[in-house]
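Reviewing the structure listed below.
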Number of protein chains: 2
Amino acid sequence: MTRDKILHAARELFEEKGFDATTVRDIANKAEVNVALINYHFGSKELLLTTLIDELSNATHIKLSDINKSTADPVAKLQQAMDIMLDKTFANKKYYQMLHRELSTVQRPQLNEQIAKNLKRNRTELRYLIEEGQRLKVFRDDIDIELTLGTISGLLHQVTNSGLRDAFKDNDNKLKSRIRHHLFDLMLSFLKRK
Amino acid sequence: MTRDKILHAARELFEEKGFDATTVRDIANKAEVNVALINYHFGSKELLLTTLIDELSNATHIKLSDINKSTADPVAKLQQAMDIMLDKTFANKKYYQMLHRELSTVQRPQLNEQIAKNLKRNRTELRYLIEEGQRLKVFRDDIDIELTLGTISGLLHQVTNSGLRDAFKDNDNKLKSRIRHHLFDLMLSFLKRK
DNA sequence: CAAAGTTAAACAAATGTTTAATTTTTAAAC
DNA sequence: GTTTAAAAATTAAACATTTGTTTAACTTTG
C-alpha cells in the first residue's frame with residue numbers, strides 16, 4: 001500500500017538524516033512512488049512526520065505500568081523497570097535519536113509538544129515507582145526525584161545519541177550489559193537507605 | 001567592525017534557531033550589513049559557523065587542569081570540578097544547546113568532529129581526577145569510568161536542553177543549586193569507598 | 001592609485017506544494 | 001457477469017519561494 005510505503009521510507013530517512021535534511025523527493029524515491037502522493041496522502045511533509053510519530057508512539061512505548069501493579073519489592077521493581085527501558089531504548093535507538101534531534105529544534109513547536117508528551121509517559125511511571133519505594137522506607141526520601149529521573153534519562157540519551165563515543169566501540173549487547181550494570185550500581189547506591 | 005558584527009549576530013541566531021533554520025539574510029539583517037559580506041569575510045555560511053565555534057571554544061572552555069594540579073583531597077577536587085562545570089554550563093546554556101543540536105545532525109561530519117573534540121576536553125580532565133581518587137583509595141575502583149562521565153554529561157545535557165522541563169520552573173540560580181546538590185549527593189554516594 | 005571593503009542585483013539550484021490530466025478501483029445497476 | 005459512472009489514486013509538469021553564492025560596479029581606506 002502506498003501510504004505504508006511512504007511511512008516506511010520516511011521513517012528510515014528521518015531517523016537517518018533528520019526531518020529537515022530529508023526532502024520529499026528522497027522519500028518518494030525510496031518508497032518508489034510519485035512525489036505528489038506524499039501531499040495527497042498526508043497533506044504535507046510535516047503532517048507526515050506527525051502521523052509517523054503518532055503511529056510509532058505505541059509501538060515504541062515503554063510500558064512500566066505492569067511493574068507498578070506487581071507486589072515485588074521496590075529494588076526488584078526498579079531493576080525490572082530499568083531493564084525494560086534499556087531494552088526499548090536499544091531496540092529503537094535511531095527512533096529516539098530522531099525524537100531528540102527534532103526536540104532540540106525550536107521550529108514546529110506543536111510537534112515538540114507531541115514529542116515531549118510522548119517521552120514524558122515513562123517518567124511518570126518511574127516517579128511513581130520511586131515514590132512507592134520511599135513510602136516503604138526502602139529508598140531515601142531526601143532526594144530530588146525530578147533530577148533523579150533526569151539522571152536516568154540523561155544517561156539513556158547519551159546511549160541513543162552516541163555521547164558515549166568511546167564506550168561505543170563495544171557492540172550493542174556488550175554495551176547494554178555495561179550500562180545495565182552501571183545504572184543498577186549507580187541508582188541503588190544512591191537510592192537505598194543506609 | 002563588520003566581521004565582529006556578523007559573528008555576534010550569527011551567534012545569537014544559531015543559538016536561538018539553529019544553523020539550518022538561520023538564513024544568511026537573517027544574519028545580515030541582524031548585523032545590519034550586506035548579505036554578500038558574509039561570504040566575503042568568511043567564505044561560506046558553514047565556515048562562518050566553524051569560525052564562530054573556534055573563537056568561542058576558548059571563551060567557553062571549562063578549565064579543570066588547575067584543579068588537578070592542586071593538592072586538595074579527591075572529594076573536594078571533584079566538588080570543585082563539578083562547580084566549575086555547572087557554572088560554565090549555565091553561563092553558556094544556549095551555546096551548548098547549539099553544539100548538541102548541531103552534533104545531533106549527520107550532515108557536516110567534519111563540523112561534528114570539531115564539536116566532539118571540543119566537548120571531549122572536559123571529559124579527559126574529569127577522568128584523570130577520578131582515577132587519582134582511585135589511586136588514593138578514596139574512590140571505588142570497581143566502577144565504569146566512561147559511563148560515570150557519561151552520567152555527569154548526560155545530566156548536564158538535560159540542563160542545557162530543557163530535558164528537565166518540570167524542574168525548569170525554577171529560576172537559574174535555584175535550579176543550579178538543586179543540581180549542584182543532587183550531583184554531589186549522587187556522585188559521592190556512588191564513588192566513595194564504604 | 002591600488003587594495004580592501006561594500007553594495008544591489010542577478011544566479012542557479014533546491015524545496016514543498018499544487019494542478020490538471022490520466023489511470024485504476026469501487027460499487028451499484030442492469 | 002458485464003456495464004457504467006463516480007470516487008480514489010497516480011502521474012508528469014509546473015509553480016512559487018527560498019536558499020547560499022557570485023558578479024560587477026562602486027566607495028572607502030591606506
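Because the structure is predicted, anything quoted here is derived from the model rather than measured. To find a chain, count down the sequence lines: A is the first, B the second, and so on, and within it residues start at 1. Both backbone and side-chain heavy atoms feed into the values below; hydrogens, waters and symmetry mates do not.
The nearest pair of heavy atoms linking B:Phe139 to B:Leu129 is CE1-O, 4.4 Å.
Using a 4.0 Å cutoff to heavy atoms of chain A, the contacted part of DNA chain D runs 5' to 3' from D:dA8 to D:dA14.
Atom NZ of B:Lys192 sits in a sparse spot, with 12 or fewer heavy atoms from other residues, nucleotides or ligands closer than 6.0 Å. Within 6.0 Å of NE2 in B:His8 there are 12 or fewer heavy atoms belonging to other residues, nucleotides or ligands.
Less than 4.0 Å separates DNA chain D from at least one heavy atom of each of the following residues of residues 13-36 of chain A: A:Arg25, A:Asn34, A:Ala36.
Taking atom NE2 of residue B:His41 and atom C1' of nucleotide C:dA4, one finds them 9 Å apart after rounding to whole Å. Between the C1' atom of C:dG16 and the CG atom of A:Leu49 lies a distance of 15 Å, rounded to the nearest Å. In this structure, the CZ atom of A:Arg108 is 11 Å from the P atom of C:dG16, given to the nearest Å.
A donor-acceptor pair is defined here as one N or O able to donate and one able to accept, closer than 3.5 Å; no such pair exists between the side chain of B:Lys77 and the backbone of B:Gly133.
Taking the six-membered ring for Trp and thresholds of 30 and 60 degrees, A:Phe190 and B:His182 have ring planes more than 60 degrees apart, a perpendicular arrangement. By the 30° and 60° cut-offs, the orientation of the rings of B:His100 relative to B:His157 is perpendicular.
Proximity of A:Arg101 to A:Phe19: side-chain heavy atoms (C-beta onward) are nowhere separated by under 4.5 Å.
Atom CD1 in A:Ile67 sits 9.0 Å away from atom CG in A:Leu78 (nearest 0.5 Å).
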